[in-house]
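One structure below.
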Amino acid sequence: MKGSVLYGPRNIRFEERAAPTIIKPTDAIIRISATCVCGSDLWPYRGINVVTQPTPMGHEYCGIVEEIGSAVTSIKRGQFVIGSFFASDNTCPNCRAGYQSSCWHAELVGGAQAPLLRVPLADGTLVAIPDVPSDDLIPSLLALSDVMGTGWFAADAANVKPGKTVAVVGDGAVGLLGVLSAKQMGAGRIIAMSRHESRQKLAREFGATDIVTERGDEGVARIKELTDGIGADSVLECVGTPESMMQAIRSTRRGGYLGYVGVPHGVELKGEELFYAHIHLHGGPAPVRRYLPELIGLVWNGNINPGKVFDLTLPLSDVAEGYKAMDERRAIKTLLRV
Ligand SMILES: [Zn+2]
């Protein structure tokens with residue numbers, strides 16, 4: 001089979017790879033219906049995280065179960081399934097607490113930009129949907145595999161409640177879906193921080209009531225201005241840079257909540273500023289598995305359409321262009337048809 005392989009900075013190829021096989025009896029092999037490029041794939045693509053060997057890419061997936069290991073009991077061949085980028089047993093104490101991305105037996109799922117994918121711990125990781133979906137539902141179902149679940153976790157960790165004021169730092173796909181999540185959770189006011197017109201437009205479509213184009217301290221000042229000097233009740237940090245994290249902390253009201261899901265790159269926090277900020281901090285790798293049943297229901301019933309973040313659809317063979325378009329910010333998120 002042919003899939004994507006990253007060789008080094010901005011050097012991604014579509015080339016022959018060995019098809020995955022069942023390695024452990026708890027594995028399943030999925031025939032991928034669609035996959036995509038994640039914002040976090042851009043870190044190694046740009047050489048900020050260095051790959052030391054040719055690396056198969058991709059960790060967002062949905063598709064049909066092709067084969068199961070001998071110990072798999074709940075997942076069946078032929079089912080349409082979605083799973084998270086962290087495989088989890090869904091039975092250990094961390095999983096039972098709802099933190100499947102910290103599963104005692106967590107394994108990263110990789111190499112999803114390909115026709116076939118091995119998923120470890122299939123019973124715990126995969127969630128089957130009621131029926132094989134129509135084509136138009138695939139983008140939204142695929143989004144649940146990571147980006148939507150991550151935006152939802154950001155909003156959940158930021159304690160978004162009906163009527164509350166929410167600020168979202170970051171206008172990438174996760175930030176935009178953080179806006180959608182906050183709307184779905186009943187936020188009264190949603191301030192999206194973005195300086196890109198196409199992203200502002202989608203943010204408004206997803207429920208943003210205000211747009212702030214300023215960044216850093218000016219962005220903080222603007223949030224304060226919009227909230228009578230108080231700050232936002234809930235802030236979602238969806239970038240992971242020192243600037244965005246400080247902007248998020250300083251935009252949160254005293255006693256407010258900050259949900260942070262941007263993978264930190266160079267973020268170092270000063271204890272004293274945190275101490276006096278008087279805020280709740282909750283974040284980390286999103287336990288997407290916890291939210292899958294609920295989010296599948298919302299997509300299945302037409303309540304949410306997170307697939308709108310895919311503004312570029314390419315065949316998998318054009319994966320290099322898919323990365324390039326996102327790297328150059330010509331695309332918010334690239335869907336790859338297999
Ligand atoms: Zn576990």
Side-chain angles (χ1 to χ4, degrees), residues 20-30 32 35-36 38 40-41 55-77 79-112 116-130 141-159 174 177-178 181 238 240 259-264 280-299:
T21 53
I22 300 280
I23 296 173
K24 291 181 190 167
T26 45
D27 290 348
I29 304 292
I30 311 298
I32 299 288
T35 180
C36 51
C38 181
S40 69
D41 291 332
T55 305
M57 296 293 287
H59 57 261
E60 295 169 82
Y61 58 95
C62 61
I64 309 274
V65 179
E66 176 111 338
E67 201 185 339
I68 53 169
S70 58
V72 175
T73 56
S74 62
I75 293 298
K76 315 268 181 246
R77 281 189 59 189
Q79 281 179 326
F80 187 96
V81 292
I82 307 169
S84 159
F85 48 97
F86 267 116
S88 54
D89 57 19
N90 216 25
T91 55
C92 78
N94 288 351
C95 284
R96 290 203 304 273
Y99 287 82
Q100 288 89 342
S101 40
S102 277
C103 175
W104 283 1
H105 304 104
E107 275 183 59
L108 274 171
V109 179
L116 292 166
L117 173 71
R118 182 181 79 94
V119 180
L121 302 168
D123 279 332
T125 305
L126 298 171
V127 178
I129 70 166
L141 292 170
L142 171 65
L144 304 185
S145 177
D146 176 355
V147 62
M148 177 63 204
T150 298
W152 190 266
F153 174 57
D156 192 19
N159 197 41
V174 171
L177 291 174
S181 300
C238 309
Y260 61 104
V261 296
V263 181
H280 302 74
L281 281 174
H282 185 188
V288 169
R289 174 63 183 83
R290 188 205 315 175
Y291 302 121
L292 277 176
E294 182 181 1
L295 294 179
I296 288 171
L298 288 173
V299 167

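Values in this document were obtained by computation on a predicted structure and should not be read as measured data. Order of listing sets the numbers, starting from 1, for every ligand and every atom in it.
- Here the angle at the Zn ion (ligand 1) defined by SG in C103 and SG in C92 stands at 120°, rounded to 10 degrees.
- Between the Zn ion (ligand 1) and C95 there is an N/O/S contact shorter than 2.8 Å.
- Aromatic ring orientation, Y291 versus F153: tilted (interplanar angle from 30° to 60°).
- Relative orientation of the H282 and Y99 rings is tilted, given thresholds of 30° and 60° on the angle between their planes.
- In this structure the side chain of P120 never reaches within 4.5 angstrom of the side chain of K24, judged on heavy atoms.
- Take the N/O/S atoms of D89: the one nearest the Zn ion (ligand 1) is OD1.
- Counting heavy atoms from C-beta on, the side chains of I82 and L295 never come closer than 4.5 Å.
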